[in-house]
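The structure under discussion appears below in the form of structure tokens.
First the proteins, then the strands, lettered A, B, ... as listed; each starts at 1.
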Number of protein chains: 2
Amino acid sequence: MSRRPVRMADVARAAGLSPMTVSRAFRADAAVGKETRARILRIAEEMGYVFDAAASGLRSQRTGFVAVTVPSINNANFADTVNALSRELGRAGLQVLLGYDLYDPAEEEALVEQLLRRRPEAVVVTGGAHTPRTRRLLQAAGTPVIETWDLPERPVRHVVGFSNAACMETMVDHLVARGARAIAFIGGDISDDTRGADRRRGFQTAMRRHGLDASRLLPIGAPPASMATGAAAMAAALDEGLRPDAVIGVSDLAAFGALTECQRRGVRVPQDVMIAGFGAYEIAAVSVPTITTIDPHPAEIGREAGALAVRLLADPAEDRGPIRIEIAPLLRVGGSTS
Amino acid sequence: MSRRPVRMADVARAAGLSPMTVSRAFRADAAVGKETRARILRIAEEMGYVFDAAASGLRSQRTGFVAVTVPSINNANFADTVNALSRELGRAGLQVLLGYDLYDPAEEEALVEQLLRRRPEAVVVTGGAHTPRTRRLLQAAGTPVIETWDLPERPVRHVVGFSNAACMETMVDHLVARGARAIAFIGGDISDDTRGADRRRGFQTAMRRHGLDASRLLPIGAPPASMATGAAAMAAALDEGLRPDAVIGVSDLAAFGALTECQRRGVRVPQDVMIAGFGAYEIAAVSVPTITTIDPHPAEIGREAGALAVRLLADPAEDRGPIRIEIAPLLRVGGSTS
DNA sequence: ATGAAAGCGCTAACAT
DNA sequence: ATGTTAGCGCTTTCAT
């Protein structure tokens with residue numbers, strides 16, 4: 001049971017070879033006899049040897065992984081981004097080291113520091129708003145840094161994202177074209193949720209541009225926006241006598257919650273009130289009616305971020321200036337606004 | 001930009017101390033003068049020094065993290081388990097190293113091997129079904145191993161979970177008590193989805209116990225079960241003239257999909273058909289009607305698994321035999337069955 | 001409370 | 001295609 005772990009030297013001894021040859025056998029590209037490699041790997045497996053990635057990384061100064069942070073491990077959009085990113089990096093022999101911060105900038109700071117302690121070869125973070133110390137840590141990391149899901153004015157370095165504000169401007173334009181005037185916005189009221197706050201700002205900008213009242217803001221508190229908080233916000237609005245002819249949720253989850261509250265009260269969607277969301281979550285395509293939303297193409301963000309990371313690692317000269325890749329979001333019209 | 005990274009020795013030189021004292025300053029419990037430590041940490045921060053966890057772990061043979069695998073990073077239940085686990089481990093100074101396998105046993109095998117290469121101090125995996133090689137890797141890891149979300153007959157070592165089959169027996173009993181006889185089951189048809197297959201088996205067992213027809217099985221293919229596949233399965237069943245008086249989804253997501261299909265066709269829930277799910281996802285509590293489900297207490301699973309890991313690491317003598325902690329799931333009755 | 005010497009398990013660099 | 005020597009950045013161990 002608790003016998004000493006098998007080391008590379010043990011495998012080398014068993015195979016009658018030097019540790020260096022065993023080391024080479026574990027690298028696909030190294031010059032080792034084909035049969036020698038097969039024999040080494042067989043012996044290693046039999047002995048229960050497990051390669052020590054920490055020792056390898058320490059000596060070679062290459063850890064083979066990219067640190068990735070997401071706000072939550074319970075979100076289809078970030079999952080799609082990470083999956084695509086992971087696939088892209090995998091093709092270059094890189095792995096993802098994943099961390100999450102529960103939408104909390106202080107948590108993000110602690111997370112980034114912990115991840116950097118493991119010496120990733122690149123860092124991909126979600127969002128463009130960080131604590132000053134997080135920014136400093138990232139800038140001093142000495143590795144490529146990519147921010148995603150945002151187009152920050154003052155990026156740390158590289159960016160693959162889209163404008164959350166512009167998405168909501170598009171949505172307001174859509175609703176106004178459909179005849180809506182008294183439009184309410186659910187969420188985005190907590191500054192921690194910077195992407196949500198950006199969307200709310202976009203809502204306000206567009207409303208003012210149309211000469212409409214931008215003050216129908218329904219708060220839902222700390223991120224992430226949920227179905228339950230969306231429903232509660234809608235309930236509170238209706239109880240207060242607010243009679244919007246359209247409601248935009250900071251995400252499809254909040255929008256769906258609002259839809260269910262309407263169903264409970266016999267408020268017809270879209271006849272009495274139109275409803276729209278953000279994110280193109282599955283719920284928007286399955287609910288009755290389907291919910292008008294905006295698809296930010298999460299997988300494409302992951303793919304582009306992964307490809308960019310690979311490019312920057314392959315040729316550090318590419319990292320001479322900030323690179324900015326914009327992914328175009330897509331309006332998906334559902335039954336909730338028509 | 002690409003200057004040599006700052007090492008502990010650089011900080012020591014700047015502080016006029018030996019590297020050993022700097023090393024101690026970075027361990028909360030080590031004997032260093034209070035002011036000395038503060039000065040060292042300040043200098044380190046100013047110099048942009050980042051502690052090298054790999055070098056530390058290599059020398060001390062303590063990495064300070066626990067490897068955790070989940071099927072998906074897009075699932076509220078696993079997220080709750082990981083959050084609780086993470087909090088519990090954090091109190092003991094341990095971090096989570098998270099990996100996901102997309103419900104694929106071959107992916108799980110590769111994932112477990114990659115995680116073991118980083119020398120975790122313990123391993124927590126989701127589920128009790130693995131490839132033979134995954135079992136071998138885990139058994140030879142020389143660290144505590146905990147399986148969760150299942151009660152396997154032949155566990156690798158320790159278990160914190162519940163019986164997926166028993167949950168569905170409870171649900172069938174509930175529906176039969178409500179008057180249902182022609183009950184259908186959506187999902188669990190792919191062997192990769194072992195927890196889903198267990199639930200399906202529990203459905204069949206209970207139906208036979210009640211002397212009812214257990215053959216109304218609606219397939220949805222590869223896991224995870226989604227709203228869309230649940231809706232498609234319900235649509236196919238209704239198109240084929242199957243007229244169940246109750247439908248159980250392998251998860252709430254599939255159940256909700258079935259509910260929406262009923263809404264689209266004017267089939268009334270629960271009057272024409274009752275609907276039930278599993279998992280106590282938010283959708284079950286927010287949908288109209290709410291969906292009867294089973295709450296497996298994901299956070300409690302995480303908490304117990306974390307506490308067990310901490311206990312086993314604190315005193316390896318505790319690891320003399322397999323420990324099995326059962327978490328009792330809870331039936332939550334909603335409007336979809338009453 | 002602080003320091004000196006040695007070495008964790010692997011691989012770069014140089015050999016043959 | 002394979003072997004030898006040295007050392008990656010830290011911490012153990014034993015000093016003082």
Side-chain angles (χ1 to χ4, degrees), chain A residues 3-41 43-44 47-65 93 114 116-121 141-142, chain B residues 3-41 43-44 47-65 93 114 116-121 141-142:
Chain A
R3 61 192 189 290
R4 188 170 61 59
V6 181
R7 302 191 310 286
M8 202 175 259
D10 301 320
V11 177
R13 206 169 307 117
L17 292 162
S18 77
M20 197 57 232
T21 305
V22 177
S23 172
R24 289 190 178 104
F26 276 89
R27 302 196 33 148
D29 56 324
V32 191
K34 199 171 159 215
E35 291 179 14
T36 311
R37 165 173 287 136
R39 201 173 116 255
I40 289 173
L41 293 180
I43 292 173
M47 297 178 74
Y49 171 70
V50 177
F51 186 89
D52 189 324
S56 166
L58 177 60
R59 175 64 245 223
S60 66
Q61 298 292 75
R62 296 207 57 232
T63 55
F65 65 81
Q114 290 305 322
L116 290 179
R117 286 180 166 210
R118 305 204 185 276
R119 300 290 186 261
E121 301 194 16
Chain B
R3 63 193 186 289
R4 188 170 60 59
V6 182
R7 300 193 309 287
M8 201 175 259
D10 301 320
V11 177
R13 206 169 307 117
L17 292 162
S18 75
M20 198 53 236
T21 304
V22 177
S23 172
R24 289 190 178 102
F26 276 89
R27 300 198 33 146
D29 56 324
V32 190
K34 201 174 154 203
E35 292 178 15
T36 311
R37 164 173 288 135
R39 200 174 116 255
I40 290 172
L41 294 180
I43 293 173
M47 298 178 74
Y49 171 69
V50 177
F51 186 89
D52 189 324
S56 166
L58 176 61
R59 176 63 244 221
S60 67
Q61 298 293 78
R62 297 207 56 234
T63 53
F65 66 82
Q114 290 306 321
L116 290 178
R117 287 180 166 208
R118 305 208 185 273
R119 301 289 186 260
E121 301 193 16

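The distance between atom CZ of A:Arg117 and atom P of D:dC10, rounded to the nearest whole Å, is 11 Å.
Across all strands shown, A:Phe26 has no heavy atoms under 4.0 Å from either base or sugar-phosphate atoms.
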Contacts table for residues 8-16 of chain B: side-chain donor-acceptor under 3.5 angstrom, sequence neighbours left out:
unit_1	atom_1	unit_2	atom_2	d
B:Asp10	OD1	B:Arg13	NH1	3.3
B:Asp10	OD2	B:Arg4	NH1	3.4
B:Asp10	OD2	B:Arg7	N	2.7

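A donor-acceptor pair under 3.5 Å is formed between the side chain of B:Thr63 and the backbone N or O of B:Arg119. Side chain of B:Arg37 to main chain of B:Ala30: a donor-acceptor pair is present (N/O by atom type, distance under 3.5 Å, no hydrogens or angles).
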- Might you work through the side chain to side chain contact (heavy atoms under 4.5 Å, CB included) test for A:Phe51 and B:Leu116, ending with a clear yes or no? CA-CA 8 Å; A:Phe51 186 89; B:Leu116 290 178; over 6 Å; no
- Query: Going through the distances and angles, do A:Ile43 and A:Tyr49 end up as a side chain to side chain contact (heavy atoms under 4.5 Å, CB included)?
  - Reply: CA-CA 9 Å; A:Ile43 292 173; A:Tyr49 171 70; over 6 Å; no
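For A:Phe65, there are no ring-ring contact (aromatic ring centres under 6.0 Å, His included) partners, not counting sequence neighbours.
Among pairs with a residue in residues 19-30 of chain A, those fulfilling side chain to side chain donor-acceptor pair (under 3.5 Å) read A:Ser18-A:Thr21, A:Arg27-A:Asp29, at least two apart in sequence or across chains.
Along DNA chain C, the nucleotide nearest A:Arg27 and the nucleotide nearest A:Arg7 are compared for position; the residue whose nucleotide lies closer to the 5' end is A:Arg7.
Remark: A:Leu58, A:Arg59 in residues 52-59 of chain A come within less than 4.0 Å of DNA chain D through at least one heavy atom.
The phosphate of D:dT12 has neither OP1 nor OP2 within less than 4.0 Å of any side-chain N or O from B:Gln61.
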What N/O pairs connect the protein and nucleotides 2-4 of chain D at under 3.5 Å? Give each pair on its own line.
unit_1	atom_1	unit_2	atom_2	d
D:dT2	OP1	A:Thr36	OG1	3.2
D:dT2	OP2	A:Gly33	N	2.9
D:dG3	OP2	A:Ser18	N	2.9
D:dG3	OP2	A:Ser18	OG	2.9
D:dG3	OP2	A:Thr21	OG1	2.5
D:dG3	N7	A:Arg24	NH1	3.3
D:dG3	O6	A:Arg24	NH2	2.5

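Considering all non-hydrogen atoms of both residues, B:Leu41 and B:Ala25 come closest at CD2-O, 4.0 Å.
No salt bridge links B:Arg117 with A:Asp52; every basic N to acidic carboxylate O contact stays at or beyond 4.0 Å.
Using a 4.0 Å cutoff to heavy atoms of chain B, the contacted part of DNA chain C runs 5' to 3' from C:dA1 to C:dG9.
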